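Working notes, beginning with the structure itself.
Everything numeric here is computed off the predicted structure, so don't read it as measured data. Every chain is numbered from 1 and lettered A, B, ... according to where its sequence line falls, protein lines coming before strand lines.
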Protein chains: 2
Amino acid sequence: MSSHGALPLYLQISELLIRDIAAGRLIDGERLPPEREMAAGLGIAVGTLRQALKTLTDKGLVERIQGSGNYIRAKADPTSVYALLRIELLSGGGLPTARVLSVDRLPKDPTLPEFGRSAEGHRIRRLRFLSGTVAAVEEIWLDGALVGRIGPEDLSESLYLFYRQRLNLWIARAEDRVGLGPLPDWAPSDFPHAQGTPLPKITRTTWGQDGQSVEASFTWYDPDRVAYVARLK
Amino acid sequence: MSSHGALPLYLQISELLIRDIAAGRLIDGERLPPEREMAAGLGIAVGTLRQALKTLTDKGLVERIQGSGNYIRAKADPTSVYALLRIELLSGGGLPTARVLSVDRLPKDPTLPEFGRSAEGHRIRRLRFLSGTVAAVEEIWLDGALVGRIGPEDLSESLYLFYRQRLNLWIARAEDRVGLGPLPDWAPSDFPHAQGTPLPKITRTTWGQDGQSVEASFTWYDPDRVAYVARLK
DNA sequence: TCGCCAATTGATATATGATTGATCTACATG
DNA sequence: CATGTAGATCAATCATATATCAATTGGCGA
């Protein structure tokens, strides 16, 4: 079951929570669910969750009060390396939303980067917005072995939230490569560039908690409105 | 496996791992596969692998925890800050070198991002190579308050080595933005694109340990040969 | 407002099985 | 003698499961 590169489960969980705190999904002062409930939700044993929480209290990110609960004691870090959303408006930031263009289960295209074990994948095409302005078109391939079917209704929330809650899958590692690529012909007409125009293109490969690569995605973004941003601290 | 005159096998293996760590293929905190599995993968005996790992723990690059695993513990080296955000050959990696085109002390251009306190800056223009192939042209602005004069002879080594050794300057934070920009007219003729061609353009701002931004740089790279790579963990 | 009780919730302890590094012995090679 | 391989065994860690104790919280009645 285990494979190369996979951290111990309790460390995976603590990394996951650290990322949620940094990304602002867990807010300062917030009380976490009871340990038993939270462990069940994550599909792990309570003892394992407690080890993860222990590492967070050692880092000062969580306060644990017997009989009361576990509380977040840290603020979101807007410059977090762990913010997986990496395109921003030129003016900075922007609230991300998306319109799903299509969801299909297809045999994997041989031009895709190597990922997952299944011969099939789910292809999701989205138009992405930042604070309402058209920012990018995106094609995501999710390994077919993870889930039988995905409907557009599954994708109303954040994709990573969907991965975690429905697929019990969380992203442990990712690699982005930024190059140049022609805007694909399925780009909708409200994207402000002509099909075939060379645009900055992000190719992302992501790995799950067990070290298996599970997702590949391509993002063509509008350089007049957004930029790919990487911060390091 | 070994051949005459070559290094002992266990040293070959440790050198191999050191290169993987330096190249960012093995990330800080990552757990290596179990020794038995890893040795089988490398086609060597466990004892030999253990000798190799021993030399790495002596160098402080790996921590070995009984019952848990072997973990990468990359040294905190300011140059390693940049190992994760960089341009790489499409085939992966590449040995970076550079040819300095010009070094000047000039008043700051008002189009520059805000950085430093001085009204003047050092402008360094370089042609960058990866494993000998032309990869990018780069313009770096270093704040004028940090040093009076910079000559091309100062820049033979890594720039960040120069910063640290000569300027006692410690890079604590950096931000990259990747967009699109026309190749400037000072790009040398051996760069394989015409001046004015829209190319991926990296705008980097770096901050020193005191929170002051000290450097701004622009890099135009050839998307046919290299890509900007960001690895997230 | 105060005190009490029951429910909630974290803390602690123990046990078990699997994983994984540590150690040791033996042997072959050059 | 250092290197490399092979195998057996020991010890630490990881993850799970279960039970019990202790602190907090909230509701209820006087």
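The phosphate of C:dG21 has OP1 or OP2 within less than 4.0 Å of a side-chain N or O from B:N70. Under 4.0 angstrom from either OP1 or OP2 of D:dC14 there lies at least one side-chain N or O belonging to B:S68. Not one side-chain nitrogen or oxygen of B:Y10 sits closer than 4.0 Å to the OP1 or OP2 atom of D:dG4. In this model, the phosphate group of C:dA22 is approached by a side-chain N or O of B:R64 to a distance below 4.0 Å at OP1 or OP2.
Atom NZ in B:K54 sits about 17 Å away from atom P in C:dG21, given to the nearest Å. The distance from atom CG of B:L53 to atom C1' of C:dA22 is 13 Å, rounded to the nearest whole Å. Spacing between atom CD of A:E35 and atom P of D:dT16 amounts to 14 Å, rounded to whole angstrom units. Distance, A:Q66 CD to D:dA22 C1': 5 Å, rounded to whole Å. D:dT5 atom P lies 7 Å from atom CD1 of B:I44, rounded to whole Å. Across the protein-nucleic acid pair, A:L49 atom CG and D:dT16 atom C1' stand 13 Å apart, rounded to whole Å. The distance between atom CG of B:L32 and atom C1' of D:dT13, rounded to the nearest whole Å, is 17 Å. The distance from atom CE of A:M38 to atom C1' of C:dT8 is 17 Å, rounded to the nearest whole Å.
Heavy atoms only, all atoms of each residue included: B:L49 and B:L42 are closest at CD1-CD1, 4.2 Å. Scanning both residues, B:E175 and A:V229, for their nearest heavy atoms gives CG-CG1, 4.1 Å.
Look at A:D104 and A:R125 and you find no salt bridge, because none of the NZ, NE, NH1 or NH2 atoms lies under 4.0 Å from a carboxylate O.
Expressed to the nearest 0.5 Å, how far CD1 of B:I21 lies from NZ of B:K59 amounts to 10.5 Å. Summarising the geometry, atom CG belonging to B:D28 is positioned 10.0 Å from atom CG belonging to B:L61; distances are rounded to the nearest 0.5 Å.
A:K54 forms no cation-pi arrangement with A:Y10, by the criterion of a distance under 6.0 Å to the ring centre and an angle within 45° of the ring axis.
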When you compare the protein's N or O atoms with those of nucleotides 23-30 of chain C, which come within less than 3.5 Å of each other, and at what distance?
none

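Here C:dT9 is the nucleotide among D:dA15, D:dT3, C:dT9 with the atom lying nearest to any side-chain atom of A:R36. Nearest nucleotide to the side chain of A:T48, out of D:dT16, C:dA11, D:dG4: D:dT16.
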